[in-house]
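Some notes on the structure that comes next.
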Amino acid sequence: MSVGIKPLGAKVVIKKLEAEEKSQGGILLTSSAKEKPQTAEVVAVGPGTKDEPMELKVGDKVVFAKYAGTDVKYEGEEYTIMSQSDILAIVE
């Protein structure tokens with residue numbers, strides 16, 4: 001899946017997964033009550049650096065730090081570009 005954004009160094013491009021529409025108790029949430037999603041799919045990866053080799057690959061589902069990255073809009077889609085070090089875990 002090529003998104004047309006090629007990250008440099010140890011940067012990755014992610015597409016955030018949608019937030020839950022319902023709370024655990026079954027209450028429907030308005031858009032302002034939803035938490036920002038902290039899970040995403042990796043859509044592009046940089047080559048890594050000598051000091052930080054790339055550990056992620058396209059298609060990985062990841063959890064990332066809450067305020068990490070820079071949001072960008074490209075061809076009508078919203079993506080976030082962040083450092084690999086801001087990725088906390090891969091979801092299996």
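The shown structure was predicted, so the numbers you read here are calculated from the model rather than taken from an experiment. Computation of the quantities below employed the complete heavy-atom set of this structure, encompassing side-chain atoms and omitting hydrogens, waters and symmetry-equivalent molecules.
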- Item | Heavy-atom donor-acceptor pair, Thr49 side chain to Glu52 backbone, under 3.5 Å |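 Such a contact is found between Thr49 side chain and Glu52 backbone.
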
Any side-chain heavy atom of [X] sitting closer than 4.5 Å to one from [Y]?
X: Val42; Y: Val13; answer: no
X: Ile87; Y: Met82; answer: yes
X: Val63; Y: Val91; answer: yes
X: Thr70; Y: Thr80; answer: no
X: Phe64; Y: Lys16; answer: yes

Minimum heavy-atom separation for [X] and [Y], please, with both atom names.
X: Val3; Y: Tyr74; value: O-CE2, 3.0 Å
X: Pro47; Y: Pro7; value: CD-O, 3.9 Å
X: Leu56; Y: Val45; value: O-CG1, 3.9 Å
X: Pro53; Y: Lys50; value: CD-O, 4.5 Å

- Flag for Gln84-Glu55: side-chain donor and acceptor within less than 3.5 Å: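 No.
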
- Do Lys15 and Glu77 sit within salt-bridge range, that is, some charged N less than 4.0 Å from a carboxylate O? yes

- When Leu17, Thr39, Ile14 are each screened for side-chain contact (heavy atoms from CB on, under 4.5 Å) with Lys61, the one that passes is Leu17

